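Following: one structure in structure tokens, then a few remarks.
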Amino acid sequence: MAFISSGYNPEKPMENRITDIGPRKYDEFYPPVIAKNKGKWLYHEYLQPGVLVHVAESGDELYTVRCGGARLMTTTHIREICEIADKHCGGYFRFTTRNNIEFLLDSKAKVKPLLDDLAGRKFKGGSFKFPVGGTGAGVSNIVHTQGWIHCHTPATDASGPVKAVMDELFADFQQHRMPAHVRVSLACCLNMCGAVHCSDIAILGYHRKPPMLDHEYLDKMCEIPLAIAACPTAAIKPAKVEVKGEKLNSVAVNNERCMYCGNCYTMCPSMPLADTEGDGIVIMAGGKVSNRISAPKFSKVVVAFIPNEAPRWPQTAKVIKGMIEAYAKDAQKYERLGDWAERIGWERFFEKCELDFTHHLIDDFRDPAYYTWRQTTQFKF
Amino acid sequence: MAFISSGYNPEKPMENRITDIGPRKYDEFYPPVIAKNKGKWLYHEYLQPGVLVHVAESGDELYTVRCGGARLMTTTHIREICEIADKHCGGYFRFTTRNNIEFLLDSKAKVKPLLDDLAGRKFKGGSFKFPVGGTGAGVSNIVHTQGWIHCHTPATDASGPVKAVMDELFADFQQHRMPAHVRVSLACCLNMCGAVHCSDIAILGYHRKPPMLDHEYLDKMCEIPLAIAACPTAAIKPAKVEVKGEKLNSVAVNNERCMYCGNCYTMCPSMPLADTEGDGIVIMAGGKVSNRISAPKFSKVVVAFIPNEAPRWPQTAKVIKGMIEAYAKDAQKYERLGDWAERIGWERFFEKCELDFTHHLIDDFRDPAYYTWRQTTQFKF
Amino acid sequence: MAKHKTPLLDQLESGPWPSFVSDLKQQAEKRAKNVEGIEFQIPVDVVDDLLGLLELSFKQGRTHWKHGGIVGVFGYGGGVIGRYCDQPQMFPGVAHFHTMRVAQPGGKFYTSEYLRQLCDIWDLRGSGITNMHGSTGDIIFLGTTTPQLEEIFFELTHNMNQDLGGSGSNLRTPADCIGQARCEYACYDTQDLCYDLTNEYQDELHRPAFPYKFKFKFDGCPNCCVASIARADMSFIGTWKDDIKIDQKAVQAYIGGELVPNGGAHSGRDWGKFDIQKEVIGLCPTGCMVMDGKTLKINNRECTRCMHCINVMPRALRIGNERGLSILAGAKAPILDGAQMGTLIVPFIEAEAPYTKIKETVIEPIWDWWMEEGKNRERLGELMKRQGLQKVIEVLGVDPDPRMVQEPRSNPYIFWKEDEVPGGFERDINEFRKHHLR
Amino acid sequence: MAKHKTPLLDQLESGPWPSFVSDLKQQAEKRAKNVEGIEFQIPVDVVDDLLGLLELSFKQGRTHWKHGGIVGVFGYGGGVIGRYCDQPQMFPGVAHFHTMRVAQPGGKFYTSEYLRQLCDIWDLRGSGITNMHGSTGDIIFLGTTTPQLEEIFFELTHNMNQDLGGSGSNLRTPADCIGQARCEYACYDTQDLCYDLTNEYQDELHRPAFPYKFKFKFDGCPNCCVASIARADMSFIGTWKDDIKIDQKAVQAYIGGELVPNGGAHSGRDWGKFDIQKEVIGLCPTGCMVMDGKTLKINNRECTRCMHCINVMPRALRIGNERGLSILAGAKAPILDGAQMGTLIVPFIEAEAPYTKIKETVIEPIWDWWMEEGKNRERLGELMKRQGLQKVIEVLGVDPDPRMVQEPRSNPYIFWKEDEVPGGFERDINEFRKHHLR
Ligand code: SRM
Ligand code: SRM
Ligand code: SRM
Ligand code: SRM
Ligand code: SF4
Ligand code: SF4
Ligand code: SF4
Ligand code: SF4
Ligand code: SF4
Ligand code: SF4
Ligand code: SF4
Ligand code: SF4
């Protein structure tokens, strides 16, 4: 493999350098029908799950075909998308904020051929490459983070559980039978790279063991004061330890105060947390982002822990499926999952979703915990 | 004046001593109709504001005539109540949890003579002794605390503002024209001796100046560590001071951190806060206690400060009257003041009550302050 | 002639509302005249001087009372609040002006006979000024001198079978709503439970053994007429488990207008014809009511017993039969950390005398915990905040119940105990490093 | 033949949802075959080794990535996340596996031409694996070696007129909803404002000068399709000031069933006939709508623009004409102190290019304050919590507005500035003692 230069000269990094040009301008990529009608759309409708039409003041119509997919995708896959776009819609497409692919068509006649084409495309293993859906009152794609594919702090994988859960929810990706949008998200650690904290259902990777201390290397590899300062619960103190007869500067962790956030590990690689049995998944529910009817709200912890059951995380998938079915059965039209839980009361939520209420679900983090306690005689037996 | 002994012998305090006998038993004081029908009441109705009838399963009826009054009362006044009770209802009466007097009658025929009798009784100064009212959807008596009559920490008087405000609200003490109960309370300092923090309208005495330091006496009169520990904001530190050439142990107060709670003064008399211009009244609104329809809730600060305008606190009375009128005009039937404010939005509350919204009304006390900020795009212009 | 000029206070004599100034003045006059020839045991001009002192406060906008000294009756740690004036030369009548808290009877029911006896004692030995009642609920004797304290206590206990109430780091005088004595909504006998616990815990009431004050309040139903949920360390609030009883004929009578809604509480204004849909069904917080033709139906399993429908139609709807109470804990005033509302710690418990289960499985375990763990001047609610609701559940020995929370936690900062996590917390870093090189 | 056995991952190939494993495998195969004869600049088996490494993680339930080292392109403080594997001997293809964040175009609109160019660069110089897109919004190039970073950057900038996105204590790559490009609800041009600010603040985006990361997100309306309110330090959310436009004929068409509610979003189930009362008027959070005969009336002054009615009847109701946006600040993920939602700091501001007012009266004053007062790794929301909303108001130089709070404070712990209180804080204790003896 020979090194191919881009033209960059490491000796003179500033030579010819172009910086601060930002992204490409949005309108370079607008299909003509959008360029023409931007800001002048009148209304939209769903032709079927996954297929939208937007009608402009001019009478122009824009057809959108939305396909699900793993956001982790290879150039092979991207090239296939490009090929489809070239074939059906002049090369124009986009991605949604939930990592779905949208093909943008300027006439209704182009919809069916595209749908047929998409339906036929499958991976070797058998899964669909471009399942159409993800619109309206259904379950859209799971937004997620890196997991074991790229990050150093995850307590679970991302792409794996997402695939497993989406297989379980697949029918509802292609249907409009939910009372409202159902938005599922995954973050592989407490850093929560996403709006996981405000999702109808959130899958969260969580450690359950305090960091190990690699005393022998700690002082060499880490800035001890930074590690200490990183801890939100002040669980870390400087400590002198003896390893192999040598006195070393290191730290001590008060396990009782640790809530396994991994903040110390982010600062100091000699404090790893990952553990086969310790790590796993927390399920949260009832959050939302839109301001529709009710204000946005945070998701609540509804299952304190499910072990990492690779490769298919069956308990995680089952719990989520169970919640969604209970919701679909019981909620009112337009009612988001969290609004439903609040209307029926969380005591009923646990009953209807057949979930256990454990002490872990009671807030005990700092003062505001108190606001989550029941301070009325209004409750249901 | 000769000392009259009760029989108590200070030399032998334990001789003959009776202790731990508790209050008199409730049923010693039940009128016969209550003793007979206790636990078997069927329903009640208002004959007119201030007059209730309760009907028992047995068919027996109990008539209650409720009168307002200052809870600060002399034996002269109490003896007059006793005299009325003897005359009209066999000597039976009670006090309500809001310090109203209730005469308990066992037949309807006795109501009118009692009402007539009460109407005629006035103090020399002209005020009613026994105004009938305080029931139903009206304004009941103001529960209050000691004020300048007895306490060492008040920032305002109690009986004075209460008299002034009740004069203003008097018509509604005798009417049922409110959308729901209106409960006004007063506490003369932050200790809030009462359920002032959960009242439809609360009048709260508030200091606005940090304590003065009586350095010369401080160490002699106070336990300095206790005073320091008493401060919720850690504004007090030990300090050495020089007074008249003498070095003394004392304290220093960080005025910026002080929120004038007077906790230090409670511990240490050499740290008085009271100040003619500093002290005054905070008005709070929208709290409730009952679990009816909505859960109980805290009152919110709606006017940050009104000076102590003795003897009639005209601004305080006016602000309260204004809120009550706005509420009466705009709220729905059964809607408590706080529920009204929440339904229309606090931005509208200030508008309708013609009150200024100042920076003082924004919560900045500790972390939970953040939960009071607006975290949705839902607001009204 | 009044001893002091009170031009400011005089302005509080006008206006319709009963004037405490007029009342104080009539008392001052009565003492001065002393028609009955009472041998007042404290200065005859105590009321005059109180008026004078108050006038000064009105003028200056500041109180003239100093901190209480430690005064009281022998063997009790509460019941008396010492009080001294900071201008004793100007107002010698109130130089000493202690209050005594006299434990009020349940429901604040009185006979004229009893109250006159109290007045007799108080006219002789005190100022004759009272609060009927203090905010906690006591009868407050307002203003006497130190030597009179034991005398009054002796007379109260010997002649009136009457004890003092609480103050200090004690159980405070419990208080109740009128409840079953007159109210059709009462789910248990508030007066009896209040009386029983008051007597059971006399020692705790009189002798400070707690970290701080502790209050019991008893509400017969969720209407909370004694405001227990907002101001008692332990609130006992009546409720029921089974179905609201419905008299369908009476429902129709409300609809038809023969019966007035809410007993006539809204009589002062024309709110229009009663509309059961809008006024009852539509306001039910759980939406668990419907009109099915002419029949009102309640899905009782979904009802949260908020009382609204019953309040509006007391002749048609009645509380259920399987009655008891909910216990909430930790309410308090704002100092130090902001006000707290009571938190539901026992959703339902029976309330039958002798109330053993309430005492032994709730009150006493909570007190033991608080006495063990509570810091000086830390209210129960503050301890709960500090140690968490989990701890309360542990103390009560019950299972965690979603009824105790309004919602589950939204932060996922879950603490695990070492024995809950397979393999525990201790691990061999070198073993780990075999799989994860540095 | 695959380089590593992946029996666990293989189980993720079945099932209907697109399998990333299958995709990775096809990529591994393609690289191995290399039909096009590309001179791969990083190991040809990078994808195989990623699969192998991932299989190991699946087996052990633990990640095998170490901390990122400090790698990047010259002069930029962000855009690259360094990553090294902790088993480089076993998986040399991913020993170095850095990601690059490529600034995505507004609305994530693409042409095949552009994206193929990106693929060409990435096949040559990286793993050919991407995230489309990262959670913040970037195009993520997943996995390359250090020497390739500058090469890729050079090609992007020179050949594609394309820059990197943000990481580190910088402005992060701003992101927007599709907005006016396709959406009838958009109240301003999200793509234009996003693009304008991204370019205006390139320096802030590439060179760390902030205490911590900072995110802009742009939602065209309160539906919040880019979730700005939950995850942007500054969220720009479209709104309007005047009246919702009503087409009464279309209202009737919805009522009559000629038009389907919510564009057909609920088509998968029989929800019964559309009931405007129940589905729209009854769900309006402010209760500001009524049917007056055949006319739908909205009391627009009371409307909080929640979008519900418009969402349900897009052909009958349209956003108002006096448009602009609300700015909320401080949203963030839970670490350290619990998640924060954005707080309304500017109820309404115009959104017309060149957006000077937004920049000069909101963004820049807030940044100045945060850069002055923010601690290391303190997000804007945390600073707001620490210094209070009052401080934000001061920084913005606006009047306090009840719209900025959900409710006024319930604790009365009001701090006063010395100059707000007549007479100030300093007083003479001896003067006081003349009136109040010790
Ligand atoms: C394409 C996309 C914007 C983009 O820039 O990519 C988009 C597009 C539309 N959204 Fe959205 N929303 C998109 C993400 C979101 C998100 C963000 C998210 O899910 O992370 C939200 C907030 C969700 C939340 O609250 O948790 C969101 C909340 C809404 C709502 C409010 C729904 C509610 O009941 O609360 C509407 C209104 C509606 O559905 O009638 C809405 C309506 C719409 C409409 C109908 C707007 C229009 O007239 O075109 C678009 C088609 C909806 C559909 O998917 O059925 N869009 N929408 C996003 C598609 C994501 C996907 O692939 O599934
Ligand atoms: C006499 C008293 C109990 C006592 O033991 O002394 C009492 C008695 C009754 N209350 Fe009460 N309440 C009494 C204080 C309270 C309080 C406490 C307070 O005000 O400090 C509350 C809580 C107030 C709050 O939420 O802030 C209270 C909230 C209620 C409610 C719920 C009202 C609501 O709309 O939230 C009802 C139901 C109703 O009014 O229909 C109620 C209903 C009643 C009924 C109708 C019960 C009955 O069937 O007898 C009684 C007559 C009501 C009336 O006054 O019109 N009572 N009631 C108290 C009279 C106080 C007074 O003199 O004004
Ligand atoms: C007399 C009374 C006010 C009244 O005018 O009615 C009263 C008076 C005092 N209260 Fe109180 N409290 C009284 C009921 C209350 C209540 C209401 C209640 O019990 O329902 C509360 C709020 C509920 C609560 O307990 O939280 C109350 C909360 C306080 C506090 C704040 C306690 C806290 O934890 O936040 C203090 C401060 C303290 O304990 O140092 C306090 C302290 C005081 C002191 C002892 C002042 C002090 O710091 O030394 C006052 C003595 C005044 C005096 O000279 O008589 N008082 N106090 C009430 C007792 C009368 C009675 O026994 O019936
Ligand atoms: C790549 C990405 C996840 C993904 O798979 O998409 C990501 C990955 C990382 N995030 Fe993130 N964050 C990513 C979007 C987010 C978001 C979502 C957003 O921007 O909308 C959040 C939540 C919103 C927020 O900013 O609060 C987010 C909140 C965090 C946090 C917590 C910050 C906080 O203030 O609470 C950290 C911790 C840190 O900064 O040390 C963090 C840290 C990290 C680090 C750098 C891990 C670390 O501690 O060093 C991750 C590098 C992983 C890797 O190897 O690639 N990441 N991170 C996302 C960026 C891609 C992109 O540019 O498009
Ligand atoms: S959520 Fe945590 S583990 Fe996952 S990508 Fe973000 S920082 Fe990494
Ligand atoms: S994991 Fe978090 S809580 Fe535990 S020691 Fe590390 S920084 Fe502290
Ligand atoms: S509220 Fe304050 S000033 Fe008033 S009686 Fe209670 S402790 Fe005294
Ligand atoms: S008044 Fe309160 S806040 Fe101020 S110094 Fe005293 S105890 Fe501290
Ligand atoms: S609390 Fe309930 S039971 Fe007690 S008086 Fe009030 S309404 Fe009656
Ligand atoms: S008590 Fe309240 S919750 Fe129960 S049915 Fe009546 S109104 Fe509804
Ligand atoms: S946020 Fe509003 S404007 Fe933007 S895409 Fe969603 S619905 Fe349309
Ligand atoms: S936008 Fe929301 S608040 Fe406004 S009228 Fe429509 S439903 Fe009501």
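Below, chain A is the first sequence line, B the second, and so on; all start at residue 1. All values derive from a computational prediction rather than experimental measurement. Values below: every heavy atom of this structure, side chains too, minus hydrogens, waters and symmetry copies.
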What residues of residues 333-340 of chain D sit under 4.5 Å from chain C when only non-hydrogen atoms are counted? D:P334, D:I335, D:L336, D:D337, D:G338
Listed once per pair and sorted, the salt bridge (Lys or Arg N to Asp or Glu O under 4.0 Å) pairs that draw on residues 276-293 of chain C, sequence neighbours left out: B:K333-C:E279, C:D292-C:K297
Counting a contact as any heavy-atom pair under 4.5 Å apart, which residues of residues 52-62 of chain C contact chain D?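 From residues 52-62 of chain C, the residues near chain D are C:Q60, C:R62.
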Just checking heavy atoms, which of residues 420-438 of chain C are less than 4.5 Å from chain D? C:F432, C:K434, C:H435, C:H436, C:L437, C:R438
Options D:H67, D:M90, D:K66, ranked by heavy-atom pairs under 4.5 Å with chain C, top entry: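 Among the listed options, the one with the most contacts to chain C is D:K66.
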Let me know if C:S410 has heavy atoms under 4.5 Å from chain D in its side chain, its backbone, both or neither.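 Neither part.
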Considering only heavy atoms, which portion of C:Y84 lies under 4.5 Å from any heavy atom of chain D: side chain, backbone, both, or neither?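 The answer is neither part of C:Y84.
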